[in-house]
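Only one structure is covered here, and it is reproduced in the block below.
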There are 2 protein chains.
Amino acid sequence: MRKNILSVAMAEFAANGLSGARIDEIAAKTNTSKRMIYYYFGDKERLYERVLEEAYREVRAGEQELELDHLPPVEALKLLAEFTFDHHSRHPDFIRIVMIENIHHGAYLERSELIRPLNAGAIQKLEAICRRGREAGLFRKDVTPLQLHWHISAMSFFNVSNRTTFSHIFGTDLFMGDGQEALKRQMVEMVVGLALKPERR
Amino acid sequence: MRKNILSVAMAEFAANGLSGARIDEIAAKTNTSKRMIYYYFGDKERLYERVLEEAYREVRAGEQELELDHLPPVEALKLLAEFTFDHHSRHPDFIRIVMIENIHHGAYLERSELIRPLNAGAIQKLEAICRRGREAGLFRKDVTPLQLHWHISAMSFFNVSNRTTFSHIFGTDLFMGDGQEALKRQMVEMVVGLALKPERR
DNA sequence: TAGCAAATTAACCGGCTCGTACAAAGTCGT
DNA sequence: ACGACTTTGTACGAGCCGGTTAATTTGCTA
């Protein structure tokens, strides 16, 4: 029941934003009534907080499944970048929730005790890859895991978040047919190129 | 008067979103009254449309001032990428308006007859650079101007749009001190590296 | 200065939507 | 069987907020 409310609320908040979403609308799409929303969550803002946490939890859980330790560092980095690109592409609602949260200056993210530790692990895979890459003499030392994560996130996130405005202005070539594959390939190439020492490219 | 309303409205919409912004609040921060907003703009949605157009207009106007034709292609590409990064960084309200528009699936962008032609020119500089780069035998042929624009936009846009959530989760290292300079340098390096033929890097 | 349209002001309205009150009944562990 | 927790339904209050009514002022033209 709580789960049902959460998933409906996530879709509604993702579709309409915090102030745009309607409690009555959420209730109508639920198997239960509005009364239960208040019973479980108290008010709209706390419902949104729980949705935010749930969104991060789901997405991070999906990321944990990726196994990289058995691959050489360059292959691992490639796979991680590709995975992130596809993963974000498969979770547009999560992207939208994060967009909305950024619109709100991260006010509700700050309030949550849960999300920071949840995400701390998101960069550990990259740290392990970088360590192995440096130890093998392949990776530059002046490019940090955090920076790599930033670049990968930027291109993977933007690819979903700004699709509508971008395609409206510049056409849909980048999103139809093999446009997405090309973008992904280029993104991976850029990231790996940045991580590698110039002489090892 | 109209101008005054527009600039106040842009700040309000950028800060709170479409449904989050309050007409009364906009009116209060204006030199005039709420009635004048309706006198000039009709209703909230049309006010938002005008704000959207104005935001694109201002930002594109700023971009036009960049002179690149006298530079060799690689230098021109570097400068364009750097400029875009800084330009977006200097116009957070524009970024937020575009974020909000994406939240709304570009519904208001579609309605505007003005914005598409306004943005068509945004990619011309890049097309000229690419043409010169290819003619000089420096640039790859399988990387299009649109793709380069996409990558540059992604990293420059995300750098502003997702700053709050990202810095809350991963700390502010990338945004304080010379963190931004490093990111910009890396972004330029990646983009140039993608555009150039492997043997010319 | 008469006349008229544009610009401006202040008070107001009505509906939407969050949240609650109230009343009741089912579920589950112990 | 008992009590705490969970679920259902309906109805409604209250305030916020987008939008309007109507009257007044300004400014331009002749």
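Here is how names work: the chains are called A, B, and so on, in the same order as the sequence lines, proteins then strands, and each is numbered from 1. The model shown is predicted, which means the values in this text are computed figures rather than measured ones.
Atom CD1 in B/I23 sits roughly 11 Å away from atom P in D/dT20 (whole-Å rounding). The CD atom of B/E12 sits 11 Å away from the P atom of D/dG18 (whole-angstrom rounding). For B/F41 and C/dA7, the CZ to P distance is 12 Å, given to the nearest whole Å. The CD1 atom of B/I37 sits 13 Å away from the C1' atom of C/dT8 (whole-angstrom rounding). Going from atom CG of A/D24 over to atom P of D/dG9 covers 15 Å, rounded to whole Å. Atom CG in A/L18 sits about 12 Å away from atom C1' in C/dC18, given to the nearest Å. Separating the CD atom of B/E25 from the C1' atom of D/dG18 is a distance of 15 Å, rounded to the nearest angstrom. A straight line from NZ of A/K44 to P of C/dC18 spans 5 Å, rounded to a whole angstrom.
At a cut-off of 3.5 angstrom, counting only N and O atoms as typed in the model, there is a donor on one side and an acceptor on the other between the side-chain of B/R35 and the base of D/dT21. Contact annotation: side chain of B/K34 to base of D/dG19, donor-acceptor pair present below 3.5 Å.
A donor-acceptor distance shorter than 3.5 angstrom exists from the side chain of A/E101 to the backbone of A/Y108, with no hydrogens or angles considered. No donor-acceptor distance shorter than 3.5 angstrom exists from the side chain of B/H87 to the backbone of B/F83, with no hydrogens or angles considered. Side-chain N or O atoms of B/T172 include none that pairs as donor or acceptor with a backbone N or O of B/F175 at under 3.5 Å. Under the 3.5 Å distance criterion, the side-chain polar atoms of B/R57 are left unmatched by any main-chain donor or acceptor of B/L114.
Using a 4.0 Å heavy-atom distance criterion, B/Y40 is classed as a sugar-phosphate-only contact. Residue-level contact check: B/A27 touches neither bases nor backbone, having no heavy atom under 4.0 Å from any strand.
When distances are taken from the side chain of A/M36 to each of C/dT9, C/dT8, D/dT8, the shortest belongs to D/dT8.
Where A/S19 and B/Y39 each meet DNA chain C at their nearest nucleotide, the meeting point lying more 5' is that of B/Y39. Heavy-atom nearest nucleotides on DNA chain C were determined for B/T32 and for A/G42, and the one closer to the 5' end corresponds to B/T32.
Note on B/R22: a side-chain N or O is less than 4.0 Å away from OP1 or OP2 of D/dG18.
With a 6.0 Å radius and a threshold of 12 heavy atoms from other residues, nucleotides or ligands, B/E113 has its CD atom at or below the threshold.
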